[in-house]
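In this chain, numbering begins with 1 at the start of the sequence shown.
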Amino acid sequence: MTVLVTGGTGYIGSHTCVVLLENGYDVVAVDDLSNSSEEALRRVEKITGRSLTFYKADVCDGSALDRIFEAHKIDCVIHFAGMKAVGESVVKPLEYYGNNLGSTIELLKAMRRHGCGSVIFSSSATVYGSENEYPYRETMKKGTCSNPYGWTKSMSEQIFTDAAKADPELSVVLLRYFNPIGAHESGLIGEDPCGIPNNLMPFITQVAVGKRKELTVFGGDYDTPDGTCRRDYIHVMDLADGHVKAIEYAMSHKGTEVFNLGTGVPYSVLEIIHAFEKANDIKIPYSIGARRDGDLPEFWADAEKARTILGWHTVHSLEDMCRDSWNWQKNNPNGYER
C-alpha cells in the first residue's frame, strides 16, 4: 500500500514517514523545501532501513501532482503541506490563504483525477476558537479563529468535508492536533524551525544549546495555577502513530470523520520549563514578558474518541518529550544546517 505524504520533509511529516515505513507502507513524499530540508528524509531512511521516493514540488501545482499520481498508484494521502507561522499569517494573509487553501484544492482535484479516495488532513485544535469550553470535544461547533493560519485550517476542513459530501467514494479523516513536541529517540530527526522559533519547546532547546540567551514567557498573570498558559503537549511519535491508525480507519470507512490527537493533560509553560530542566539536568534562563495577542489561557483535548474508535492512545510521558527534544538539539545544534 502506497501513501503520499505532502510536506513530508517537515517536522511532523518526517516522523510520520518513519512510522509508515516501520509499519510496512510504501511512502512517496512531496515538499517544496521552503521551510525544511531533504536531509530529514535521508535520516528517515537511515532510521528505518527502508527507502522512500521524494519529489521536490509545490502541492499547489496540479501538473506536478499529476506526474506523481501517474508514476505511483497512491492508495491514501496524508496532507501536511502548508505555511504554519501564526504571526506571519497575520502579516501575509493572502499568501497563507493562497498557499494553504490552494494546496488543499489542487490535491483534491488530483486525487479525483487519479481515483485516489482516502485522505488524512493535518488540522489543528485552533479550529475550536475561543468560544468553546475545554476540554475540546469533536462534537463541539468550530469557533472563531484568531489568525489567518487558523482560518486556513478551518476552511480546509470545510473544503474536505464538502468534497466528501459530493463524492460518496471519498474518505476524509480530519486530525486536530494539539501541541506536538519531542523528537525521534535516535536524535536523528526533530523540529528544525527557520529563524526564531514560534513554538515553546524548540525555543527552550535553543536556549539550552546556547543559540538563544533566554526564553521569554508570554504572560505570567493568566487565570491558571501558576499564571502561565497551559497547553496539551503530545510527543510527535505518538502523533505520527495516530496517522497510521487514521489510515486504517479511512480505508474501511467513507465520508468525513474528526479526531482529536492529544493527551488530555494540560501543562503550563513553567511546568514545561521545569520538566525540561529536571529531565536533562540543565537550567533554562527565562523572564516573564507581556502577553501575546491571540493566546488563550488554556486548552486541552478530550481524546476519548480516538482511543475508542481508532484504538489510539499516547505512550510517551512528558519526561520523554523533554529528553527526546534535547537529544535531537544537542546532537544537531544547527538542525539540518540547510
Side-chain angles (χ1 to χ4, degrees), residues 10-12 35 82-97 99-100 122-136 142-155 176-182 191-209 211-234 236 262-263 265-277 284-301 318 321-322 325 329:
Y11 173 44
I12 303 172
N35 193 35
M83 301 166 72
K84 63 176 186 176
V86 170
E88 184 182 61
S89 76
V90 176
V91 178
K92 299 179 177 180
L94 298 183
E95 286 81 356
Y96 269 69
Y97 287 120
N99 183 83
N100 293 6
S122 165
S123 192
S124 167
T126 191
V127 304
Y128 288 109
S130 59
E131 298 91 335
N132 287 302
E133 295 294 323
Y134 34 81
Y136 292 154
K142 292 195 294 184
T144 302
C145 297
S146 60
N147 54 75
Y149 163 75
W151 279 118
T152 67
K153 291 297 187 183
S154 184
M155 292 176 181
R176 293 175 180 168
Y177 306 165
F178 281 69
N179 292 69
I181 58 176
E191 188 168 8
D192 182 24
C194 289
I196 299 174
N198 291 295
N199 299 322
L200 176 62
M201 186 56 79
F203 208 112
I204 290 175
T205 60
Q206 288 193 10
V207 170
V209 83
K211 291 188 71 173
R212 310 285 169 192
K213 182 179 180 181
E214 70 171 14
L215 170 72
T216 299
V217 177
F218 296 113
D221 58 352
Y222 286 98
D223 186 18
T224 60
D226 64 17
T228 64
C229 293
R230 297 204 300 167
R231 297 288 183 266
D232 188 335
Y233 294 93
I234 177 174
V236 67
T263 66
V265 179
Y267 292 101
S268 73
V269 175
L270 291 183
E271 285 177 313
I272 294 294
I273 293 171
H274 298 323
F276 184 91
E277 291 177 328
I284 301 297
Y286 68 89
S287 61
I288 305 294
R291 292 186 179 190
R292 184 170 56 181
D293 288 344
D295 276 348
L296 298 176
E298 51 189 341
F299 62 78
W300 63 89
L318 178 58
M321 300 180 211
C322 294
S325 294
Q329 189 73 78

If every non-hydrogen atom of Gly262 is compared with every non-hydrogen atom of Ala301, which pair is closest and at what distance?
CA-CB, 4.1 Å
Look at atom CG of Asp295 and say whether more than 12 heavy atoms of other residues, nucleotides or ligands are closer to it than 6.0 Å.
yes
For the student: nearest non-hydrogen atoms of Asn132 and Gly143, plus distance
ND2-N, 4.2 Å
For Glu88 and Tyr96, test the side chains for any donor-to-acceptor distance below 3.5 angstrom and give the result as yes or no.
yes
Can you tell me how far apart CZ (Phe203) and CD (Glu214) are? Round to the nearest 0.5 Å.
8.5 Å
Given side chains that start at C-beta, do those of Glu191 and Pro197 come closer than 4.5 Å, heavy atoms only?
no
Are the side chains of Thr224 and Ser268 in contact, using a 4.5 Å heavy-atom criterion?
no
Rounded to the nearest 0.5 Å, how far apart are CD1 of Ile288 and CZ of Phe218?
11.0 Å
side-chain contact (heavy atoms from CB on, under 4.5 Å) between Met155 and Asn100: does it pass, once the steps are laid out?
CA-CA 9 Å; Met155 292 176 181; Asn100 293 6; over 6 Å; no
For the residue pair Leu296 and Cys229, establish whether any side-chain heavy-atom pair is separated by less than 4.5 Å.
no
Between Val217 and Ile273, is any pair of side-chain heavy atoms under 4.5 Å apart?
yes
Given side chain to side chain donor-acceptor pair (under 3.5 Å), test Ser122 with Tyr177 step by step and report yes or no.
CA-CA 7 Å; Ser122 165; Tyr177 306 165; 3.3 Å; yes
Ring pair (Phe, Tyr, Trp, His ring centres under 6.0 Å) partner of Tyr128, the single match among Phe299, Trp300, Tyr136, Tyr134
Tyr136
Applying side chain to side chain contact (heavy atoms under 4.5 Å, CB included), can you list everything that pairs with Val127, at least two apart in sequence or on another chain?
Ser123, Lys142, Lys153, Ser154, Glu157, Arg176
To check you understand the geometry: which heavy-atom pair defines the closest contact between Ile181 and Tyr11, and what is its length?
C-OH, 3.0 Å
Check whether any side-chain heavy atom of Leu318 sits under 4.5 Å from a side-chain heavy atom of Ile272, and report yes or no.
yes
Using atom types as modelled and distance alone, determine if a side-chain donor or acceptor of Asn199 lies under 3.5 Å from a backbone N or O of Met201.
no
For the residue pair Tyr222 and Arg291, establish whether any side-chain heavy-atom pair is separated by less than 4.5 Å.
yes
Find out whether Ile196 and Arg212 are in side-chain contact, i.e. whether some heavy atom of one side chain is under 4.5 Å from a heavy atom of the other.
yes
Minimum heavy-atom distance between Ala208 and Phe276, given as atom pair plus value
CB-CE2, 3.9 Å
For the CG atom on Asp223, are there more than 12 heavy atoms of other groups (residues, nucleotides or ligands in this structure) within a distance under 6.0 Å?
no
Taking all atoms of both residues into account, what is the closest heavy-atom pair of Asn198 and Ala85, and its distance?
ND2-CB, 3.7 Å
Neighbour count >12 (heavy atoms, 6.0 Å) for atom CD, Glu131:
yes
The reported gap from OG1 in Thr263 to CG in Asp232 (rounded to nearest 0.5 angstrom) is 3.5 Å
Rounded to the nearest 0.5 Å, how far apart are OG of Ser325 and OH of Tyr233?
11.0 Å
Evaluate Leu200 against Val269 for side-chain contact (heavy atoms from CB on, under 4.5 Å), listing each step before the verdict.
CA-CA 8 Å; Leu200 176 62; Val269 175; 4.0 Å; yes
Is it the case that atom NZ in Lys211 sees more than 12 heavy atoms from other parts of the structure closer than 6.0 Å?
yes
Check Pro180 against Ile12 and note the closest heavy-atom contact, atom names and distance.
CG-CD1, 3.8 Å
Qualifying residue, where the test is side chain to side chain contact (heavy atoms under 4.5 Å, CB included) with Tyr286 and the options are Leu215, Ile204, Thr216, Val207:
Leu215
Are the side chains of Ser89 and Met83 in contact, using a 4.5 Å heavy-atom criterion?
no
